[in-house]
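Note sheet for the following structure.
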Amino acid sequence: MNKESSVIETKSYYELTHTESIPNKALYEKFLNWVSGEFELYLQDKLHGLKIFYPGGFFYITETERSNNAVNFKITVRNKYRQKGIQVNNQVYDILDHILKLKRPSIS
């Protein structure tokens, strides 16, 4: 997985940004679907990727480019409160980790 991360802190919000890569479009769509389901009680915008608004902030996942079959995308979490932003960020990453583990064949 290709990873780049940054954290921006201003007086009004905290922003965590990560660049990720996933092996194919089907897995990327499954990831978006699972994230959407995890946050189904919050307002969602699916026009360009996925943007979810929750109390104190929002996050969005957008595709940046495709190379071969791999999909490169950006996850940005913006929140008024640092701890809540980190918590939401971790929730999204738990889903990503789970999706990527599903892709790998299990060793029996």
Taking atom types as modelled, is there a side-chain donor on [X] or [Y] under 3.5 Å from an acceptor on the other?
| X | Y | result |
| --- | --- | --- |
| Y93 | E20 | yes |
| N72 | S21 | yes |
| Y54 | N79 | yes |
| S36 | Q44 | yes |

Q: Run the salt-bridge test on K25 and E63 with the 4.0 Å N-O cut-off and return the result as yes or no.
A: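 A salt bridge is present here (some side-chain N lies under 4.0 Å from a carboxylate O).
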**Q.** Check: A70 main-chain N/O paired with N68 side-chain donor or acceptor under 3.5 Å
**A.**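 Answer holds: no.
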Any non-hydrogen side-chain atom of [X] less than 4.5 Å from a side-chain atom of [Y]?
| X | Y | value |
| --- | --- | --- |
| H18 | N89 | yes |
| F59 | F53 | no |
| V35 | L50 | yes |
| E15 | V77 | no |

(Q) Test ring-ring contact (aromatic ring centres under 6.0 Å, His included) on F31 and F73; report intermediate values, then the result. (A) CA-CA 11 Å; F31 169 61; F73 59 98; 5.6 Å; yes
From [atom1] ([X]) to [atom2] ([Y]), nearest 0.5 Å:
| X | Y | atom1 | atom2 | answer |
| --- | --- | --- | --- | --- |
| Y28 | R66 | OH | CZ | 9.0 Å |
| L100 | L27 | CG | CG | 6.0 Å |
| I95 | N90 | CD1 | CG | 11.5 Å |

(Q) I need the minimum non-hydrogen distance between H98 and W34, along with the two atoms involved. (A)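 Minimum heavy-atom contact is CD2-CZ3, 2.8 Å.
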Q) Can you name the closest pair of heavy atoms from D45 and L47 and give their distance? A)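 Answer, listing the atom of D45 first, then L47: OD1-N, 3.0 Å.
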Q | Stacked cation flag R78 on F58, 6.0 angstrom / 45 deg | A |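 Judged by the rule (NZ or CZ under 6.0 Å from the ring centre, within 45° of its axis), R78 is not positioned above F58.
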Q. Under the side-chain contact (heavy atoms from CB on, under 4.5 Å) criterion, do Q91 and V88 qualify, and how do the steps go?
A. CA-CA 5 Å; Q91 280 182 271; V88 169; 4.3 Å; yes
**Q.** Sole residue of L96, I75, T76 in side chain to side chain contact (heavy atoms under 4.5 Å, CB included) with I61
**A.**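 One option only clears the test, and that one is I75.
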Q) According to a 4.5 Å side-chain heavy-atom criterion applied to Ile, Leu, Val, Met, Phe, Trp and Tyr, with indirect links allowed, do Y42 and Y60 form part of one hydrophobic cluster? A)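 No: no chain of side-chain contacts under 4.5 Å links Y42 to Y60.
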